[in-house]
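Keep in mind it's a predicted model, so treat the numbers as computed, not measured.
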Amino acid sequence: MNKKLHALLLISVFVVATCGLIYELIAGTLASYLLGDSVTQFSTIIGVYLFSMGIGSWVSKYFEKNIISWFIQLEILVGLVGGTSSTILFLVFENIASFRIILYSLVGITGILVGLEIPLLMRILKDRYEFKDLVSKVFTFDYIGALLASLVFPLLLIPYLGLVKTSYMVGILNVGVALIVCISFKKEIKAAVYLQTSAIISILALLVGFVYAGVITNFSESLTYADTIIYSKSTPYQRIILTKKGKVLRLFLNGNLQFSSDDEYRYHEALVHPGLQALPNARNVLVMGGGDGLAVREILKYPNIRSITLVDLDKGMTGLFKSNHMLLNLNKGSLLSPKVKVINADAFTWLRQDKKKFDFMVIDFPDPSNYSVGKLYTNSFYTLAKAVLAPGGIMVIQATSPYVAPKSFWTVDTTLRSVGLHTIPYHNYVPSFGEWGYIMATENPVYKKPTVFLPGMRFVTKESLDLMFYFPKDMAKVKTEVNKLNNQVLVKYFEDEWSSVL
């Protein structure tokens, strides 16, 4: 074997490793989108995938003849299975009850095929290197490929291509390796023309899928969402879907409804006004989360507010609500106000660095359905938030449903109290979500309930506020643990309580 051919095979190791890890990441991400953004999805996907690779490696010992030919066929097969996997899963999600069986079957098949590839490559290369050199070179290229995959997947592939296009592109790379190896070793393999033809047809089929990935994605998502999808985009952090039915807009993040334009005013008025109306001298406001600008819209109704700092992780989210004309009409162009400064950063990290004090704080994060969001509901986070709260200031936190998820709701209350804050829990009814909860927190034990509100309120009044502070027996306080970084009991409570509803 000449130097060019063995270099080609080592490059093949690199490509195989890169593609293999990307398939694993695609499956984990897609499972999180469809089944709930939870560490459980990634843990089970990784476990099944690695176990399947082990099976593939074990089975490889039965491939004794025509190793190069077998490797080429496996590359074509893994490209086709892996390349079409996300399309298959999106299309069957709404139509087949046993979705998880199909999900783990595809992950298992892909894992077995990928597990077969490296041992076969090592056997092809064994006559070229001594054993110790062979192992070091193969695993060096394998690990470098894995590193590349872990970097390009979140930073380039998902933001710019999305899951479906990424799947097809990686499948094309796999089959491309098969074609190149087939051409390079055509004198050493039987049925070279057949294999080359198979590879070319497979690449063309995957290329068609890549070109029409947008159509495939829109069709599959149209099966999931009842209303017409007018905007969809995958950012490094989440899948953003905007739907429209008549005049009603609905925003979904990773499949979870964030607001409906026909009743979001109930949520955002309740989130902002019970606290801010009690602070007539408030000047500086901090909003964390709330990249849709709807909470900021409510805050801007107060002429005494001089500055609003909005910290939201996702630039794709804030950019959308700064530019889409329908959304600008909904949030009244709040994110474009000269009073508003938008910062795209992780709120936890940002709070560690910021020294400014805020009179009023709105903490409007997504529900704590996973550990990456759950950390923003911990005592560590609330300690940082307390440090930037001005004397006499108030912070308010959206805290999920005290009716559906009482343990989750009261865990937020318990956690706030654990850092020395006094809490004022309350709730209201939002038709799109049901009964929803909020918690105000302050260092001052006295909260003076407002009796007068700004004109133009559609929901919040003195009478409705009285009802918000009343908790009937089925939402009464329950004893819970403090949510900490090292345990995140809130995530477990949330998943247990909402799984019975969703």
Closest non-hydrogen atom pair between Ala31 and Ile45, with its separation
CB-CG1, 4.3 Å
Is it the case that the side chains of Asn370 and Glu495 hold a donor-acceptor pair, with the cut-off being a distance below 3.5 Å and no angle test?
no
Hey, is NZ on Lys386 packed in by over 12 heavy atoms from elsewhere, all under 6.0 Å?
yes
Counting N and O atoms only, with roles assigned by atom type, does the side chain of Asn304 sit under 3.5 Å from a partner on the main chain of Asn281, one being a donor and the other an acceptor?
no
Chi angles and distances behind the side chain to side chain contact (heavy atoms under 4.5 Å, CB included) call for Ile230, Met326
CA-CA 11 Å; Ile230 60 172; Met326 288 182 291; 3.3 Å; yes
Quick one: are Met169 and Leu161 in side-chain contact, heavy atoms under 4.5 Å?
yes
Less than 3.5 Å apart, any donor N or O on the side chain of Gln238 or Asp314 sitting next to an acceptor on the other?
yes
Can you find a heavy atom in the side chain of Ile158 that is under 4.5 Å from one in the side chain of Leu25?
no
Would you kindly say whether Ser372 and Tyr237 are connected by a side-chain donor-acceptor distance under 3.5 Å?
no
Taking atom types as modelled, find out whether Asn444 and Thr442 have a side-chain donor-acceptor pair closer than 3.5 angstrom.
no
Taking the side chain as every heavy atom from C-beta outward, state whether Thr378 and Phe348 have any pair of such atoms under 4.5 Å apart.
yes
Closer than 3.5 angstrom, by distance alone: can the side chain of Ser337 be matched with the main-chain N or O of Lys339 as a donor-acceptor pair?
yes
Can you tell me if Lys315 has over 12 outside heavy atoms packed within less than 6.0 Å of its NZ?
no
So which atom in Ser86 and which in Ile26 form the shortest heavy-atom distance, rounded to 0.1 Å?
CB-CG2, 4.3 Å
Does the side chain of Leu467 come within less than 4.5 Å of Glu463's, by heavy atoms?
no
Over 12 non-hydrogen atoms of neighbours within 6.0 angstrom of CZ in Arg306:
no
Report yes if the side chains of Gln488 and Pro368 come closer than 4.5 Å at any heavy-atom pair, otherwise no.
no
Any side-chain to backbone donor/acceptor pair from Lys407 onto Lys479? Under 3.5 Å, distance only.
no
Please walk me through it: do Glu24 and Ile46 pass side chain to side chain contact (heavy atoms under 4.5 Å, CB included)?
CA-CA 7 Å; Glu24 184 179 350; Ile46 291 170; 3.2 Å; yes
Just by distance, with hydrogens left out, do Thr461 and Ser464 show a side-chain donor and acceptor under 3.5 Å apart?
yes
Closest approach of Ala270 and Pro274, non-hydrogen atoms and distance?
O-CD, 3.1 Å
Would you please indicate if the ring centroids of Phe360 and Tyr302 are separated by under 6.0 Å?
no
For Glu269 and Arg458 the tightest heavy-atom approach is OE2-N, 2.9 Å
Go through it in stages, so that I can follow the logic: the residues are Phe409 and Val478, the test is side chain to side chain contact (heavy atoms under 4.5 Å, CB included), and I'd like the CA-CA distance, side-chain angles, deciding distance and then a yes or no.
CA-CA 9 Å; Phe409 178 81; Val478 294; over 6 Å; no
Would you check if Phe321 and Asp312 make a side-chain contact, meaning some heavy-atom pair closer than 4.5 Å?
no
Has Ser52 got a side-chain atom pairing as donor or acceptor with Ile112's backbone, closer than 3.5 angstrom?
no
If you measure from the Lys or Arg side-chain nitrogens to the Asp or Glu carboxylate oxygens, is any gap between Asp346 and Lys375 under 4.0 Å?
yes
Out of the candidates Val396, Asn284, Val388, only one should pair with Met361 under the side chain to side chain contact (heavy atoms under 4.5 Å, CB included) rule; please name it.
Val388
If you count the non-hydrogen atoms of other residues, nucleotides and ligands that lie under 6.0 Å from NZ in Lys484, is the total more than 12?
no
Can you check side chain to side chain donor-acceptor pair (under 3.5 Å) on Asn256 and Ser369, steps first, answer last?
CA-CA 10 Å; Asn256 298 312; Ser369 60; 5.0 Å; no
Counting only heavy atoms not in Lys449 (residues, nucleotides, ligands), do more than 12 fall under 6.0 Å from its NZ?
yes
Using the rule side-chain hydrogen bond (donor to acceptor under 3.5 Å, both in side chains), only one of Lys244, Lys245, Arg250 pairs with Asp227; which is it?
Arg250
Got a donor-acceptor contact below 3.5 angstrom from the Asp413 side chain to the Thr423 backbone?
no
Within a reach of under 6.0 Å around NZ of Lys322, are more than 12 heavy atoms found that belong to other residues, nucleotides or ligands?
yes
Side-chain heavy-atom pair Val340, Ser334 within 4.5 angstrom cut-off:
no
Mind listing the closest non-hydrogen atom pair of Ala146 and Leu21 along with its distance?
O-CD2, 3.1 Å
Flag for Thr400-Trp498: side-chain donor and acceptor within less than 3.5 Å
yes
Criterion side chain to side chain contact (heavy atoms under 4.5 Å, CB included) on Ile240 and Leu253, from CA distance to verdict
CA-CA 5 Å; Ile240 302 173; Leu253 299 181; 3.8 Å; yes
Do Glu481 and Thr411 come within less than 4.5 Å of each other through their side chains, counting heavy atoms only?
no
Check whether any side-chain N or O of Glu443 sits under 3.5 Å from a backbone N or O of Gly393 as a donor-acceptor pair, and report yes or no.
no
I'd like to know if the side chain of Thr309 and the backbone of Leu286 have a donor-acceptor N/O pair within less than 3.5 Å.
no
Polar contact flag, side-chain donor to acceptor under 3.5 angstrom, Tyr104-Thr44:
yes
When the aromatic ring centroids of Phe459 and His268 are compared, is their separation below 6.0 Å?
no
Taking atom NZ as the centre, does Lys356 end up with more than 12 heavy-atom neighbours from other residues, nucleotides or ligands that are less than 6.0 angstrom away?
yes
Nearest heavy-atom neighbours spanning Leu376 and Ala347
CD2-CB, 4.5 Å
Side chain to side chain donor-acceptor pair (under 3.5 Å) assessment of Tyr382 paired with Ser418:
CA-CA 9 Å; Tyr382 293 143; Ser418 74; over 6 Å; no
Are any side-chain N or O atoms of Arg266 and backbone N or O atoms of Tyr429, one a donor and one an acceptor, separated by less than 3.5 Å?
yes
Hey, is Arg297 close enough to Glu264 for a salt bridge, meaning N to O under 4.0 Å?
yes
Do Tyr438 and Tyr267 make the cut of ring centroids closer than 6.0 angstrom?
yes
Test item: side-chain donor near acceptor, Asn483 and Thr415, under 3.5 Å
no
Has the side chain of Tyr49 got a donor or acceptor atom that lies under 3.5 Å from a matching backbone atom of Gly20?
yes
Given the options Trp410, Tyr426, Tyr403, Phe471 meets ring-ring contact (aromatic ring centres under 6.0 Å, His included) only with Trp410
